[in-house]
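Working notes for the structure below.
So you know, we letter chains A, B, ... as the sequences are listed, proteins then strands, and number each from 1. Computed from a predicted structure; not experimentally measured. Just so you know, these numbers use all the heavy atoms, side chains as well, and skip hydrogens, waters and symmetry mates.
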Protein chains: 2
Amino acid sequence: LNDEARNLAWQHQNQLTKPPGALGRLEVLATELAAMSGQSRPELHHPHCIVFAADHGVVAQGVSAFPQAVTVEMLKNFVAGGAAISVLAGQNDFQLSVVNCGTAQPCDALQGVVHQPVAAGTADFSQQPAMTAAQAQAALTIGAGQLDLLHQAGCDLFMAGEMGIGNTSAASAMAALLLDLDVAGLTGPGTGVQGEALDHKTQVLSASVTRAQGSYNQPLDALIEVGGFEIGAIAGAYIRAAQLGIPVLVDGFITTSAALLAVHLNPSVRDWLLFSHGSAEPGHLLLLAALQAQPLINLDMRLGEGSGAGVALSLIRQALALHNNMATFAQAGVSGAED
Amino acid sequence: LNDEARNLAWQHQNQLTKPPGALGRLEVLATELAAMSGQSRPELHHPHCIVFAADHGVVAQGVSAFPQAVTVEMLKNFVAGGAAISVLAGQNDFQLSVVNCGTAQPCDALQGVVHQPVAAGTADFSQQPAMTAAQAQAALTIGAGQLDLLHQAGCDLFMAGEMGIGNTSAASAMAALLLDLDVAGLTGPGTGVQGEALDHKTQVLSASVTRAQGSYNQPLDALIEVGGFEIGAIAGAYIRAAQLGIPVLVDGFITTSAALLAVHLNPSVRDWLLFSHGSAEPGHLLLLAALQAQPLINLDMRLGEGSGAGVALSLIRQALALHNNMATFAQAGVSGAED
């Protein structure tokens, strides 16, 4: 990060016609983007969200409220413009693309989606590793490759979204392995699992994590043992974004589990991550705490797709507009604070 | 409020391609605006912010970090486009107007400001009532009149901002009277009063509230005894907005004190109030609790001018875009939750 640009940005903030600090976290945001961009007056022209999608073999254990067919159905909805993230892309003026990292149902004919399937969904991680080491590497590579393309296209802020029935289960189990925490405290309703079904989900995940702990030696094993192709792709995208100097706006529970993996694989990634929202999914708080992250908004959202990031992008835009367009005390002829 | 429109809006929300409730408070916001507008698919075309400005005699006691001249200097800045609220109006596409309710320094020549001064600032309320009963009525009438004009112009969401060196002192003292709370717990740094100066501010306000309590018989006395012209105008504007059926997005500490007065004068006003942000000014939490209000964002802002409302407006726009533009499960051919 560029500390000189950050310092210049703070100097500028303190000359704007407001009491110092009165714009709170909007001031911090503007200066963080200054440090990331190397520009004391950072601008945002090409924010881009990629939704990475894949299926999860563990849904065979009945851990989700929705059928697996929804993953591909929602891919169609993203492309057709009817999904929440599609509406937000139009409303908030960011680019949206969709990458198929491996759905259970074939969808190669679906136009408008980048098809790079690793396999037709992961294996059922309650019984065996979710993927092979080669598949994990392939998933990471998908995300890195997409970020190389975004970088060439001039992307100046990256958001990842995800779609994959069952992927809160993968996120919870991965986080339990990475943080050595009881998975029960990281397990929540996802799309709407409640009561006995939630107890069942917790039991499946506890058994899965216990199975996986026997093979866990390093962070990448979390992805191999209990991860997902889309989660691996997002982790790979975050790592490459950091390497390319592209600021990242993390979405909710699942993308934060990918961020946790990315930071465990490469701690310097953390510097490039901004956190958009605190999810209603209860485990998200623990993941945010582990990453020492303070999200911008808390609106009880729990949809995924990148929707929390898509909403929070508007706050970044406003922070930069204020930073770049407010008058200084000298310009406006306004008196400063009295000593 | 229109419960039929609210119910229809909830039915629509539950058909959109997301797990029910997954958009959290954005769903609630859309349905609240449905109830206020009487439209199950509410739209927002003419949001308007009025900044009401006035001066405060109590600054003679040294309760503010900034000189009184800043009130008029900032009026110029609002009109010239350099203030935070001016930048936000451009960024978030809302109308902005500025009403002079009584500045200490004359500024009648300033173009682009509506000049309706009650007097050249309030009296020093540490020594005597801030204003007469007739002045309090005049202040309320300014706000009501402005809302009548906005209504004629088709305004469909109202935000108030305020400018007035010393007005956190008035807001704290008014809230202490209205809620019968110790003013010390409602007193904070405002524009940046700290340490001994903050202790001094608290002492001035404690003595002022003690003086005023002797004359306090009804809510309007809070305005008369320790209020401000701009705060009275905002309370009058909120009351008239509710009468006209215009949704209100409340800003921060000072506008919330005006909302508190408005609700004490006319409890049905509460139905029309949405709350934008939780201010860094510590007393704001108590005012929000008294109004059973949950703000949308918490970004440690403490600027006033309507800036918190101006920022949060973007969330309302996004809530309505999602409500109105997402596909339903039937439209998108997406499977619903399994029973």
Check your understanding: Atom NZ in Lys201(B), atom OG in Ser169(B): separation rounded to 0.5 Å?
Key -> 4.5 Å

Point to revise | Leading residue by heavy atom contact count with chain A [cutoff under 4.5 Å; candidates Ser64(B), Ala80(B), Pro67(B), Ala332(B)] | key: Pro67(B)

**Study point:** Contact residues of residues 20-28 of chain A (partner chain B; heavy-atom separation under 4.5 angstrom)
**Key:** Pro20(A), Gly21(A), Ala22(A), Leu23(A), Gly24(A), Arg25(A), Leu26(A)

Point to revise | Qualifying residues under side-chain contact (heavy atoms from CB on, under 4.5 Å), relative to Pro106(A), sequence neighbours excluded | key: none

Point to revise | Interface residues of residues 51-61 of chain B facing chain A - non-hydrogen atoms under 4.5 Å apart | key: none

Review point. Between CG of Leu313(B) and CG of Asn92(B), what distance do you get to the nearest 0.5 Å?
Key: 6.0 Å

Practice item. Determine the minimum heavy-atom distance between Ala30(A) and Ala319(A), stating which atoms define it. Key: CB-O, 4.1 Å

Exercise for review: Name the member of Arg302(B), Lys18(B), Met301(B) that forms the most heavy-atom pairs with chain A at distances under 4.5 Å.
Suggested key: Arg302(B)

Revision key, fill the gap. Between Thr31(A) and Gln13(A) the two heavy atoms that sit nearest each other are CG2-CG, 4.3 Å

Exercise for review: Would you mind checking which part of Ala321(A) comes under 4.5 Å of any heavy atom in chain B, side chain (CB onward), backbone (N, CA, C, O), both or neither?
Suggested key: both

Review point. Where on Ser279(A) is there a heavy atom nearer than 4.5 Å to chain B: the side chain, the backbone, both, or neither?
Key: neither

Practice item. Would you mind telling me which of Gln318(B), Glu305(B), Gln331(B) has the largest number of heavy-atom pairs within less than 4.5 Å of chain A? Key: Gln318(B)

Check your understanding: Can you tell if the side chain of Phe275(A) reaches within under 4.5 Å of the side chain of Gln294(A), non-hydrogen atoms only?
Key -> no

Point to revise | When Val311(A), Val72(A), Thr191(A) are compared by non-hydrogen pairs under 4.5 Å with chain B, the top option | key: Val311(A)

Review point. Can you list the steps and then say if Thr328(A) with Met326(A) is a side-chain contact (heavy atoms from CB on, under 4.5 Å)?
Key: CA-CA 7 Å; Thr328(A) 63; Met326(A) 279 180 70; over 6 Å; no

**Study point:** Options Asp300(B), Val70(B), Val334(B), ranked by heavy-atom pairs under 4.5 Å with chain A, top entry
**Key:** Val334(B)

**Study point:** Residues which pass side-chain contact (heavy atoms from CB on, under 4.5 Å) with Glu43(B), listed by chain and number, not counting sequence neighbours
**Key:** His45(B), Asn324(B)

Check your understanding: Between atom NE2 of His323(A) and atom CD1 of Ile316(A), what is the distance when rounded to the nearest 0.5 Å?
Key -> 14.0 Å

Review point. Given that the side chain runs from C-beta out, which part of Lys76(A) has a heavy atom under 4.5 Å from chain B: side chain, backbone, both or neither?
Key: neither

Review point. By a 4.5 Å heavy-atom criterion (distance strictly below it), what part of Phe329(A) contacts chain B: side chain, backbone, both, or neither?
Key: side chain

Practice item. Against chain B, label Ile297(A) side chain, backbone, both or neither, depending on which of its atoms sit under 4.5 Å from a heavy atom there. Key: side chain

Exercise for review: Measure Ala84(A) against the heavy atoms of chain B and call it side chain, backbone, both or neither at under 4.5 Å.
Suggested key: both

Point to revise | Evaluation steps, side-chain contact (heavy atoms from CB on, under 4.5 Å), between Val193(A) and Thr168(A) | key: CA-CA 11 Å; Val193(A) 172; Thr168(A) 57; over 6 Å; no

Exercise for review: Starting at OG of Ser172(A), measure out to CG of Leu287(A) and round the result to the nearest 0.5 Å.
Suggested key: 8.0 Å

Review point. Given that the side chain runs from C-beta out, which part of Leu315(A) has a heavy atom under 4.5 Å from chain B: side chain, backbone, both or neither?
Key: side chain

Exercise for review: Indicate whether any N or O donor in one side chain lies under 3.5 Å from an N or O acceptor in the other, for Thr17(B) and Asn77(A).
Suggested key: yes

Review point. Can you tell me how far the CD1 atom of Ile85(B) sits from the CZ atom of Phe78(B), to the nearest 0.5 Å?
Key: 8.0 Å

Practice item. Among the options Ser335(A), Ser307(A), Ala327(A), pick out the one with the most heavy-atom pairs lying under 4.5 Å from chain B. Key: Ser335(A)

Point to revise | Winner by heavy-atom pair count (cut-off under 4.5 Å) against chain B, out of Asn298(A), Leu322(A), Leu299(A), Asn325(A) | key: Leu299(A)

Exercise for review: Mind ranking Gln91(A), Met74(A), Glu73(A), Glu281(A) by heavy-atom pairs under 4.5 Å with chain B and telling me who comes out on top?
Suggested key: Glu73(A)

Study note, to complete from the structure: From the list Ile254(B), Leu249(B), Thr255(B), side-chain contact (heavy atoms from CB on, under 4.5 Å) partner of Asp251(B) resolves to Thr255(B)

Practice item. Determine whether the side chains of His12(A) and Ser40(A) contain a donor N or O and an acceptor N or O closer than 3.5 Å. Key: no

Exercise for review: Measure the spacing between SG of Cys49(A) and CG of Leu88(A) and express it to the nearest 0.5 Å.
Suggested key: 9.0 Å

Check your understanding: What's the shortest heavy-atom distance between Ala293(A) and Pro295(A), and which atoms?
Key -> O-CD, 3.7 Å

